[in-house]
Amino acid sequence: HLRDFFLQWVRLISPFMPHHAEEYWEMLGGKGLVSISEFPKPDMPKIDDSIEIGEELVHKLHADIEKISTLIGKKPVKVTLYVAGEWKRRLYAMAKAKPKFEELMKSAAAEKMPMKDVSNVAKQLMKNVHSLPEVLTEKGELEALSDALGFLGREFSCDVAVLPEEGAKHEKARSAMPGKPAIVLE
């Protein structure tokens, strides 16, 4: 599989580094000249947008933790991240499909969502309803952040924990949104 990767990669770099590409092509046993070989086509089943969404989530989260740390004027001893629950994700998807506040509230009531909390979350979503980005599932977000625990721990020289919003005891956990975990620095 690694050879297949490099055969594709050499075709991709050929327009930018033609001399190197031809050398690599020859080393890989490619037929003829790479510069006149067929340019690779995307293999759609192998493309997973969730990986990029997770990477972007970690990047934004890193920047947010740095900002909070700067604002409070001290380095954290521990960082706890709370990931938004499924009902907020359902509301998020409904907001993208029905970008009018009244329609969103009716749909949320019909799905028996916790209306006391729905109102606040819906107001936040309506601020940018026409530009809401794609977000991961709760499980996907938990996995992406769990995979980044070592990185975040090294970056901030502290313990980092990732928890679901549901069942959390910290009041800040309720502020978690899809794609925007709640952050608690201690």
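Fair warning: this is a prediction, and the values are worked out from it, not measured in the lab.
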Using a 3.5 Å cut-off and no angle test, enumerate the donor-acceptor pairs between side-chain atoms of residues 159-167 and protein atoms at least two apart in sequence or in another chain.
from	atom 1	to	atom 2	distance (Å)
E165	OE1	G85	N	2.9
E165	OE2	K88	NZ	2.8

*Apart from L33 itself, which Ile, Leu, Val, Met, Phe, Trp or Tyr residues share its cluster (side-chain heavy atoms under 4.5 Å, direct or through members)?*
I36

_Transitive ILVMFWY cluster of V34, excluding itself - 4.5 Å side-chain cut-off_ = L2, F5, F6, L7, W9, V10, I13, F16, M17, Y24, W25, M27, L28

_Any donor-acceptor pair under 3.5 Å from S175 side chain to A182 backbone_ = no

_Qualifying ring-ring contact (aromatic ring centres under 6.0 Å, His included) pairs with a residue from residues 87-125, counting only residues at least two apart or across chains_ = none

List the atom pairs, with distances to 0.1 Å, where a side-chain N or O of residues 141-150 and a protein N or O form a donor-acceptor pair under 3.5 Å, not counting sequence neighbours.
from	atom 1	to	atom 2	distance (Å)
E141	OE1	R89	NH1	3.2
E141	OE1	R89	NH2	3.1
E141	OE1	G179	N	3.0
E141	OE2	R89	NH2	3.4
S146	OG	L142	O	2.8

*asked:* I'd like to check the salt bridge (Lys or Arg N to Asp or Glu O under 4.0 Å) partners of D43; sequence neighbours left out, ordered by chain and number.
replied: K46

*Non-hydrogen side-chain atoms of I51 and I53 separated by less than 4.5 Å*: no

*For F151, ring-ring contact (aromatic ring centres under 6.0 Å, His included) partners two or more places apart*: H62

*Not counting sequence neighbours, which residues clear ring-ring contact (aromatic ring centres under 6.0 Å, His included) with Y82? List them please.*
none

*Of all residues at least two apart in sequence or in a different chain, which pass the side-chain contact (heavy atoms from CB on, under 4.5 Å) check with P15?*
F39

_With E38 via side-chain contact (heavy atoms from CB on, under 4.5 Å) - residues at least two apart_ = K41

*Are there more than 12 heavy atoms of other residues, nucleotides or ligands under 6.0 Å from atom CD of E55?*
no

Less than 3.5 Å apart, which donor and acceptor atoms pair up between the side chains of residues 113-134 and the rest of the protein, not counting sequence neighbours?
from	atom 1	to	atom 2	distance (Å)
D117	OD1	R174	NH2	2.5
S131	OG	N128	O	3.4
E134	OE2	K96	NZ	2.8

*CD1 of I65 to NZ of K75: how many Å apart, nearest 0.5 Å?*
12.0 Å

*asked:* Restricting to side chain to side chain donor-acceptor pair (under 3.5 Å), what partner residues turn up for K169, sequence neighbours left out?
replied: none

